[in-house]
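Inspection log for the structure reproduced underneath, given as structure tokens.
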Amino acid sequence: MTQAFPFAFRLYDKTAGKSKGETRDRDASSLDVSRPVYVLMDSWYPSKTLVGACLKKGFHVIAMLKTNRILYPKGTAIQAKEFAKSMEPRDTRLVTVGKERYRVYRYEGALNGLKDAVVLLAWKADQPMTPKHLHCA
């Protein structure tokens, strides 16, 4: 369980008449694996359709999110970067990854298209907790 293998590499052919999103969603739905699968993606990929297809297959999804992604703390819609403005260092936990330290806030709740998700709002510990330095995953 210490190895990772990428699946289904395909060169995107824009002349095929399918969008990148349609191709991506089809590829995720076509994977048939019997072991635990963790789908890692950058902030361009986590669409409602793709995440839904992955969850339907029982896959775990780990994705970067854009800071304008809508969260629903206490049922109120707000962009992650706006929600982060209300954070104080005491609201976060210090986490060390390698030699880097981060301030991390754990949000669990709804996102657009998902009833329940976990989002980590993180800042490098040596940087100000501003939206400019915010990372969401």
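Numbers for residues simply follow the sequence, beginning at 1.
Nearest heavy atom pair, residue Ala117 against residue Leu114, reads CB-CD1, 4.2 Å.
Rounding to the nearest 0.5 Å places CE of Met41 at 4.5 Å from SG of Cys54. Distance check: Arg103 CZ to Arg93 CZ gives 13.0 Å after rounding to the nearest 0.5 Å.
The side-chain hydrogen bond (donor to acceptor under 3.5 Å, both in side chains) search around Lys124 returns none, not counting sequence neighbours. Taking Glu88 as the reference, nothing meets the side-chain hydrogen bond (donor to acceptor under 3.5 Å, both in side chains) condition, with sequence neighbours excluded.
Within the structure, side chain to side chain donor-acceptor pair (under 3.5 Å) contacts touching residues 127-137 (residues at least two apart or in different chains) are Thr130-His133. Among residue pairs with one or both ends in residues 86-125, those qualifying as ring pair (Phe, Tyr, Trp, His ring centres under 6.0 Å) are Phe83-Tyr105; sequence neighbours excluded. Annotation: salt bridge (Lys or Arg N to Asp or Glu O under 4.0 Å) contacts involving residues 105-116, sequence neighbours excluded, comprise Arg106-Glu108.
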Sequence neighbours left out, cut at 3.5 Å: what donor-acceptor pairs do the side chains of residues 60-76 make with other protein atoms?
from, atom 1, to, atom 2, distance (Å)
Arg69, NH1, Pro46, O, 3.4
Arg69, NH2, Pro46, O, 3.4
Tyr72, OH, Asn112, OD1, 2.4

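Tracing side-chain contacts under 4.5 Å through hydrophobic residues (I, L, V, M, F, W, Y), one reaches Val97 starting from Leu120; they form part of the same cluster.
The shortest distance between side-chain heavy atoms of Leu121 and Leu134 falls below 4.5 Å. In this structure, the side chains of Val104 and Val95 come closer than 4.5 Å at one or more pairs of heavy atoms.
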